[in-house]
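In listed order, ligands and their atoms are each counted from 1.
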Amino acid sequence: MTEALFNLDENTAYETFLQAYPAFEKTKLLDDWRQREYGRLDKNNQIYLDYTGGGLYADSQLQKHLTLLQNNVLGNPHSVNPTSQAMTDLVESTRSYVLRYFNASPDEYVAVFTLNASGALKLVGESYPFGPGDHYLLTFDNHNSVNGIREFARAKGAAVTYVPLTRPDLRIDQARLWELWETADPDHNNLFAYPAQSNFSGVKHPLEFIEQAHERGWDVLLDAAAFVPTNRLDLSAIEPEFVSLSFYKMFGYPTGVGALLMHKRMLKKLKRPWFAGGTVNFATVRGDVHYLAADEAGFEDGTLNYLNIPAVKIGLQHLEQVGVETIGERVSCQTEWLIQQLLQLEHSNGRPMVRIYGPTSTEMRGGTVTLNFYDPEGQLLDYRRIEELASDEGISLRTGCFCNPGTGEIAEELTAEDMLAGLSAGSDINLPRFMEIIQHRGNKSVGAIRVSVGLATNFSDLYRFIQFAVSFRDQTTISIGQITFDIESCRAIRDGS
Ligand SMILES: Cc1ncc(COP(=O)(O)O)c(C=O)c1O
């Protein structure tokens, strides 16, 4: 375990950190970038620790995109006039770049541009040919946009089964997974969905599952949204049928563009429930016939977010300057240090101040650390109040369930009865009431605090966060004060990513 450094001044703590993590030195370019490209963080005295929510953009990304827009005349790409053609060329060159970045052969994969990862997941959900006898298998650890596919599956008569997680590491219960894989009926459609990295616990789930599931008759949907900002995804080494992602999580800008990377085998298998402008090769009103485009165009409804798409190529090139492996290495050093420091936080009576959900080593885990604070008697401190106090210090954290209710329910051992008791007040239940009911059922929490690090995080951010965490030593619910805002809507159930 690394030394507890929160009693040292920042410079001494940094020296000690560098000695403990010599690999961090190799990521020096990112410290230069922090000054040059992300200087607005320090200028605005902001400590940004929500990279799993959204990445940050570099100044140069914006400048390059602006220059491109200023120097070209660009029209709607659905035409052949010169401005339309110029735009089509930029969109298609970005599409090829995306495939190349993920090492996906254009003979095997298509890249469909979507609004975000959820848009990619919805395309799969609505188009996968679920029917009676088919099976949708998914892990408890999933974003709600993957959970939501169960509604398409059920509506069409397919079975839906969840694979549980093991505690306390919140990894997939592999014994159960292998049993469930064996239930695939080879004469039916079987879809298995899981995240490459958890947006709740930071756990990296094995990519080997893809081939193992294939061998047992499953198509695989890999939600890579939380994985790709700090890891290489190589689609020549693993070949899931579907990959979902949002580009803003990788490099901050642009928002409003994500992708579904889809194996070409699936182009014929998926059945789109409708057609729209841009998706058809031919459609008639009198004849009441339409022919859907046979490639990615069949999945891109209406006009793409075309002016922003070239900024995706700029963003990928930005990441390539330093290499996602370097970012991953840096994040790993930072995450290990952060966890080690948090684990050493104790109240005067020796009781731990925090509980971390998920693995406490960096083996197969990324830079997302989810936790709750407790008082010296082990009573939960309200994470909403902690977020509020963090905000006063300019620290951006995330709280709630991060749109991943299944992992939170397993982490806190919340049963179906607990959740239904919490919801018993009906649809006008609000968050404070829901939290109260759940806390009375055994000091359980329906939410937590998420700290996530990324390419622009430096040591100082983490040091300052740890100093903030230390301030809860010997504090109680009463001494930290009441929350001053009241959230009417139940964020624990409906919060965003
Ligand atoms: C693992 C994971 N999947 C899917 C999503 C959904 O992404 P978006 O909100 O960009 O559609 C998120 C967002 O946080 C995520 O972390």
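- Salt bridge absent: Glu211 and Arg216 never bring a charged side-chain N and a carboxylate O closer than 4.0 Å.
- Close approach to Ala225 involves these atoms of ligand 1, each under 4.0 Å from a residue heavy atom: 2 (C), 3 (N), 4 (C), 15 (C).
- Near Ala117, with a cut-off below 4.0 Å to any heavy atom, the atoms of ligand 1 are 6 (C), 7 (O), 10 (O), 11 (O).
- Ring centroid separation for the pair Trp181 and Phe209 comes in under the 6.0 Å cut-off.
- We find that Glu325 and Arg330 are not joined by a salt bridge, their nearest charged nitrogen and carboxylate oxygen being 4.0 Å or further apart.
- Using cut-offs of 30° and 60° on the angle between ring planes, the pair Tyr253 and Tyr57 is perpendicular.
- Polar contact check, Tyr248 against ligand 1: a nitrogen or oxygen pair lies under 3.5 Å apart.
- The heavy atom nearest to atom 16 (O) of ligand 1, out of those in Asn199, Val257, Asn404, is found in Asn199.
- Listed by number with element, the atoms of ligand 1 under 4.0 angstrom from any heavy atom of Ser118 are 6 (C), 8 (P), 9 (O), 11 (O).
- Residue contacts with ligand 1: Ser246 is placed with a nitrogen or oxygen under 3.5 Å of a nitrogen or oxygen of the ligand (distance criterion only).
- Using a 4.0 Å cut-off between charged nitrogen and carboxylate oxygen, Arg34 and Asp42 count as a salt-bridge pair.
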